[in-house]
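As the structure lists them, so they are numbered: ligands from 1, and atoms in each ligand from 1. Nothing fancy with the numbering, it's 1 onward along the sequence.
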Amino acid sequence: MSGELIGRRRALGLIGLGTAAVAAGTTGWAAGVGSSTSRVLQPGAVGAELAAHPVLSSSTGLLNITLTAAPGVTLAGRPTAALGYNGTSPGPVLRVRPGDLLRVRLVNRLDQPTNLHTHGLHVSPAGNSDNPFITVDPGASFDYAIQIPADHRPGTYWYHPHHHEHVADQVFGGLSGALIVDGQQRPVSDIERTIMITDTTVDSSGYVAAADPMAKMMGREGEWVLVNGQLQPTIASVPGTSERWRIVNACVSRVLALTLEAHQLTQIAVDGGSLPRARSLNRIVLAPGNRADVIVRPMSQGNYRLIAEPYDRGNAGMMGRMGTSFAGARPRVLATLAVSGPTRPTSGLSLLLSNTPLPAGRAVRTRHLTFATGMGMGGMAFTIDGRRFDPGRVDQAARLGTTEEWVVTNTSSMDHPFHLHVWPFEVVGDSAGTPASGAVQDVVLVPARGWVRLRVHFGDYAGRTVYHCHILDHEDAGMMGIIDVSA
Ligand code: C2O
Ligand code: CU
Ligand code: CU
């Protein structure tokens, strides 16, 4: 076995892989197959019915689980060396309620450090709660205890690793899962589905492709765009059904501009926040990290494709200059809604939403942040306010109990999604003149050479955490800062 092969397998975190896959990998690498795009694994199943995904739900105030991060999951109907939690990618859907305690024993069976982040949850960033500074070494485990406040907003959240410099590799490798906070509100649909969209590239030997420096600079996009780990699954429905889709963009870098043929998507929530009222859209744009809860109402029989339209996040120009097409250049079919059978009588559900805006109140200060890219020593530098991430530095100090206005400016020629942990925000304005949605969210796409204006309320939870670009390659490259909120 060549040193290069061992190094590469180590880099991908492959321990305990089945013999067959190892043998295949040896052959592939010995033959010098190294390019991620020249040899993509043939999918094993395209168009299969969307399978039920494992769900772990709390009872009597507690969800007490183990999540084991390890290689060896089925993707697109094929066994692969990609990563998963408890043997699946995405990992199990976690369902909790406001006031619950979420206990997770995270077991690291990778060969690199990892940890766990509960993206979007308004919980403590300290100790063994949603603390992105924790390191769980290979072979080790860590016990998280995340107390969800009794007044937490119900909604669609997700979890993924957050160990600096390994985040993009591990999420692209397959590590992420949905995290749903159920509310007391009346059901708004007959049925509900979680639609976790991930992308990855698996080579013909079953290994997740490593990203080259150019892909990291652009933000890597995978050859496969998967729904709950399946390639172009079929979603079977009946005319007249009202379906709630909790859609999560868990891709490392890909912006999803979603359309559903012959249907409008009735959006009821942005990230974890309900909209004040439902809005019917032809297209919903989700940056990496964003979620959308939508109501889909198929009225007549037929097959309708859920499509990710081409979206140029600023990589088209650059890739064009290099004579290659940019990754998001062609539309991708994500799934097919197959509607058949007799029309079901409508169930008279109402779309009365319980929107909880941030408390009103004057902002005590305005903070300006700038996302920038530029040439630095050793290549492209990804910075916030001209600096790369430094775990020992506090970039923003805020006062507990206050409301602030943040203006995030992007001087670069690429879109960058801004994300803040723990404290959700409202987008109150942007350079494109988009009307405010009235919902709280936690990721917002800051357009190339544009800006967004946010309201953030630090009403609860003192502590230190991070804000960053949610193109995870950029985060790993240092497009991240630290905020410390104290009384
Ligand atoms: Cu989805 Cu800091 O992460
Ligand atoms: Cu987050
Ligand atoms: Cu970025």
Side-chain angles (χ1 to χ4, degrees), residues 90 114-125 129-134 146 155-168 170-172 175-179 196-198 215-221 248-255 271-272 286-291 313-315 318 369-374 380-385 388-389 391 408-425 440-450 452 456 461 463-483:
T114 190
N115 63 14
L116 188 72
H117 168 50
T118 51
H119 178 125
L121 285 196
H122 178 58
V123 295
S124 169
S129 186
D130 181 24
N131 181 347
F133 303 106
I134 286 169
I146 299 166
T156 304
Y157 303 90
W158 62 299
Y159 60 94
H160 61 81
H162 215 291
H163 197 288
H164 185 52
E165 296 182 334
H166 297 289
V167 185
Q170 292 180 8
V171 172
F172 196 74
L175 293 177
S176 62
L179 201 181
M196 278 287 285
I197 301 173
T198 61
K216 289 184 182 178
M217 196 174 94
M218 294 299 159
R220 72 186 82 175
E221 296 194 9
V248 182
N249 183 356
C251 298
V252 165
S253 316
R254 186 184 292 271
V255 173
D271 295 348
L286 295 181
N290 272 141
R291 288 86 68 209
R313 52 186 173 80
N315 42 358
M318 258 184 252
L369 283 83
T370 304
F371 276 175
T373 56
M380 191 88 144
F382 291 87
T383 60
I384 301 178
D385 300 328
R388 282 188 169 141
F389 177 67
V408 185
T409 301
N410 176 3
T411 60
S412 78
S413 55
M414 257 188 261
D415 300 352
H416 297 280
F418 172 84
H419 172 52
L420 171 64
H421 287 208
V422 179
W423 303 278
F425 49 76
V440 299
Q441 61 192 83
D442 51 67
V443 175
V444 60
L445 196 60
V446 192
R449 298 185 196 85
V452 297
V456 197
Y461 301 118
R464 203 168 64 102
T465 191
V466 293
Y467 53 88
H468 57 87
C469 174
H470 217 290
I471 289 176
L472 298 172
D473 281 303
H474 296 171
E475 177 203 334
D476 282 334
M479 209 171 218
M480 179 155 75
I482 290 181
I483 176 170

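- Ring pair His160/His470: centre-to-centre distance below 6.0 Å.
- You'll find the ring centres of His119 and His421 outside the 6.0 Å limit.
- Distances shorter than 2.8 Å separate the Cu ion (ligand 2) from the protein N/O/S atoms His117 NE2, His419 NE2.
- Within the model, atoms CZ of Phe371 and SG of Cys469 stand 5.5 Å from one another, a figure rounded to the nearest 0.5 Å.
- Seen from the ring of Phe382, Arg388 does not count as a face-on cation partner, given the 6.0 Å and 45° thresholds.
- For atom 1 (Cu) of ligand 1, the nearby protein N/O/S atoms, meaning those under 2.8 Å, are His119 ND1, His160 NE2, His470 NE2.
- By the ring pair (Phe, Tyr, Trp, His ring centres under 6.0 Å) test, Tyr467 pairs with Trp406, sequence neighbours left out.
- For His416, the N, O or S atom closest to the Cu ion (ligand 3) goes by the atom name ND1.
- Here the rule is side chain to side chain contact (heavy atoms under 4.5 Å, CB included) with Asp473, and of Val252, Val171, Val167 only Val252 fits it.
- A distance below 6.0 Å separates the ring centres of His162 and His468.
- When distances from the Cu ion (ligand 3) to the N, O or S atoms of His474 are compared, ND1 comes out shortest.
- Salt bridge Asp476/Lys216: absent, no basic N to carboxylate O contact under 4.0 Å.
- The six-membered or imidazole ring of Tyr461 lies near that of His122, with a centre-to-centre distance under 6.0 Å.
- The side chain to side chain donor-acceptor pair (under 3.5 Å) test applied to Ser176 returns no partner, not counting sequence neighbours.
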